[in-house]
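These notes are about the structure you will find just below.
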There are 4 protein chains.
Amino acid sequence: MDRDRRRQQYEQATQWPMIGLAVLFVVAYAWRVLGVGLPGWVETTLGLVTVAVWPVFLADYLVRLVLAERRWRFVRTNWVDGVAVLLPLLRPLRIISLVRVARVIDRRLATDLHGRVAGYVTVSASLVVFMAALAVLDAERGAPDANITDFGDAVWWAITTISTVGYGDRYPVTGEGRVVAVLLMLAGIALLGVVTAAVASWFVDRVSDARDGESDDLRAEVRELAAEVRALRAELPGRDLTPGR
Amino acid sequence: MDRDRRRQQYEQATQWPMIGLAVLFVVAYAWRVLGVGLPGWVETTLGLVTVAVWPVFLADYLVRLVLAERRWRFVRTNWVDGVAVLLPLLRPLRIISLVRVARVIDRRLATDLHGRVAGYVTVSASLVVFMAALAVLDAERGAPDANITDFGDAVWWAITTISTVGYGDRYPVTGEGRVVAVLLMLAGIALLGVVTAAVASWFVDRVSDARDGESDDLRAEVRELAAEVRALRAELPGRDLTPGR
Amino acid sequence: MDRDRRRQQYEQATQWPMIGLAVLFVVAYAWRVLGVGLPGWVETTLGLVTVAVWPVFLADYLVRLVLAERRWRFVRTNWVDGVAVLLPLLRPLRIISLVRVARVIDRRLATDLHGRVAGYVTVSASLVVFMAALAVLDAERGAPDANITDFGDAVWWAITTISTVGYGDRYPVTGEGRVVAVLLMLAGIALLGVVTAAVASWFVDRVSDARDGESDDLRAEVRELAAEVRALRAELPGRDLTPGR
Amino acid sequence: MDRDRRRQQYEQATQWPMIGLAVLFVVAYAWRVLGVGLPGWVETTLGLVTVAVWPVFLADYLVRLVLAERRWRFVRTNWVDGVAVLLPLLRPLRIISLVRVARVIDRRLATDLHGRVAGYVTVSASLVVFMAALAVLDAERGAPDANITDFGDAVWWAITTISTVGYGDRYPVTGEGRVVAVLLMLAGIALLGVVTAAVASWFVDRVSDARDGESDDLRAEVRELAAEVRALRAELPGRDLTPGR
């Protein structure tokens, strides 16, 4: 309990710096990949920044893990942060914690599960597509028989992949590019699953509203019964005047 | 409350004109795209009509927004209309409000959630495919390496995309065409989600019917108990004849 | 009520002949499409059979519709039969009513919603793939730039389409072939929806089982209360010996 | 009952040997397919091992079937094992029973339906992709116009297929390869279904938690009523001191 409170204090103190680092990582990575004809020292610096961010993310994760009361539970509920440590590509997902910040600001979001899910899905799908496009472009650009050669193509390919449409007009041919593709496909399956599930739960909710009426009927009958018992008690011949409760 | 009533009056008064405008937009756009060898002045007029419709849609949306009691709620529950203002392609979705009209006419539809969803899905998927085919044809036709060059191909491509099949025998190569494709893919994911959710909620409903039996059992027991209490009251020695309630 | 009983009598009397006709249609159609180098009179006869089956299906549907107590309800609950009248391709779906026959034989199936759905899905998906492969082969074979030219290719194409994988190594190029493809894609979306929904409802069922425990707790409490009331009644001083109910 | 206990004893005794056989099968099959330039006798031995495993699997299945109390139920609840007998490709799925072993070790898994499903899905999807890649490589390698010619390509193709993306840059051209592809597509549909269903049931669960509050309210009212009745009983004039229950 005590340790968990310290973890929360730590997380509140480091939230904004960590989001800042994630943004820095995205900017440096995007600049390095998209900036054509950069001077050598700029490219080196950008590369150093993207690499240097990693130990900070790792240390942050380990500190939080050590401070957590129940470690296994921490790993499971914060799996996005764990993945962000392992896969640089997914590091910007750290920015999603901004949704949590938004939730504190806008009270409505705190109770609206579907709205919150829509927010998470939109933000993370966009981030994943953007990072995957950068990563695949970085991997494919040098390959001789590559067909993904500029950023427009890369974004287009990423969207056709995450939506599981997969025309096949663009596809990765290098090993790194294919690894990026596999992660995107997993994201696509998850995306489809979450969208469907959100719609389905909204539906079931609507149908349940009708059922709730029945539950209310039951409550009304229990109340009526209670009134009957109270009346019975009031009529008792030998009743004293002190209440039963 | 008062303002919301005025909004409803406004909406009832403008519903048919707005549907008419949406139809006019579709006809003008389709004519301009599909009509080969139109005289110059006809093409100019049709282009003007498609452009002139936009400020009317925007004004209508803003008036309704201003009249709405709770603005944020209005934006969320009428997001289709908002999207129709931003994306000309989706403007004909305004026609979907016809389903609402049909609901008033056919009482059965008003209570049949699944039937209504089927109606919405069929009408909007058809409209989206039709408009996307027109838009992609308009965008691709001029490109030198395009493979979507007639309306048949465009419709075929739109259907393979929205169903996420994506053969890749036809695909857009221009930026505008790809934007249309991305919107279609989003529509495809939503389509899959809604169809699955409708089937799933029907299933859960069926299974819940069995559970409802149990809830009925509980009610029967509560009723039996109430009868017991009533009998008890009737047997009381010092009872008077006035009812307890 | 009376009319609906007559409809059921009619349906029981015609069920087997209609299934026989559906089988005959499939056999004749498959023979005509797959039989290379058939003598002219055989091909003419097979063509005649496939055509002659249609008015019988139409007449059967109309008779059942006329005999139905509530016509709109009949159209909705028997939409598969209606589709089978309109689309020759889907005529063999009539064979699915065999599942209904199997249900009568095997009592277990009658109560097992998930098992029944699995049966329907397997049988209809197989039939749809088989018929679509025949139809697309029939349509494409004559086209000069077709890439679906033998039955193996046609079945392979049909499966890649219904599963929404869509490699694009085979795809229809004729108008008829594309219509078949669109129907297959719709079937694929429905297939995905039904499979997902069946799994989801099984899940929700499992989770609900845990909740049911809570409902049982409530019933236990109501029963305890009833025992209390009964005990109270037994203790009453002025009680007579006739039961309250 | 007696026979079912003997079946359980048999299953406990043979579980580890059968898992060992499944692993042996995978190793031998992978070695034979991936090992280029193996001496003739090694290839023959590996081929013999993969074939010899089959009768053992069949015998094991039949023994368990014979020992089962209710045979039809056994076939249905152990359909994975039945499929593993029929399709060599799916034999390693026997390894999934390790998840059952893990469940006994880790108590948390035993109650966590979603975690368990995530485990099953990850393990079986990985196994299916790995075996399908081996099988398709084995089938395609010899074909003259094949485009899946090394293991990297085969794994890449298997993943694009199971995720239903289907770029079409790689696809099987032989009959055996296409059969493998069809099984993979079925696995992909099932995968999508299970992922979506797990997410959906988690959602519905969350929404139900809110509803549970209402059920708790009802229980509180029933308890209050019981207290009322107990108070009534305590107040009775002619009460004796023996408890009612």
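Hydrogens, waters and symmetry mates play no part in the numbers below; they use all other heavy atoms, side chains included. For clarity, every value in this text was computed on a predicted model and none was experimentally measured. So that the names make sense, note that chain A is the first sequence line, chain B the second, and so on, each numbered from 1.
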Of D:Thr160, D:Val165, D:Ile159, D:Val155, which meets side chain to side chain contact (heavy atoms under 4.5 Å, CB included) against A:Val182? D:Ile159

Shortest non-hydrogen contact from A:Ala197 toward D:Thr196: CB-O, 4.1 Å

How long is the gap from OG1 on D:Thr164 to CG on A:Leu192, to the nearest 0.5 Å?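 Atom-to-atom, D:Thr164:OG1 and A:Leu192:CG are 7.5 Å apart.
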
Could you state the interatomic distance from CD1 (D:Ile162) to CD1 (A:Ile189), rounded to the nearest 0.5 Å? 7.5 Å

Whether over 12 other heavy atoms sit under 6.0 Å from A:Arg71 CZ: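 Check passes, neighbour count above 12.
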
Which portion of A:Val194 sits near chain D, non-hydrogen atoms under 4.5 angstrom: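 Its backbone and side chain both get close to chain D.
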
Heavy-atom distance under 4.5 Å between the side chains of A:Asp169 and D:Tyr167, does that happen here?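 The answer is no; the side chains never approach within 4.5 Å.
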
Would you call A:Arg178 and D:Asp153 a salt bridge, taking side-chain N to carboxylate O under 4.0 Å as the test? yes

Please determine, by modelled atom types, if D:Trp156 and A:Tyr171 share a side-chain donor-acceptor pair under 3.5 angstrom. no

Using a 4.5 angstrom heavy-atom cutoff, name the option from A:Ser163, A:Gly188, A:Ala190, A:Pro172 with the most pairs to chain D. A:Pro172

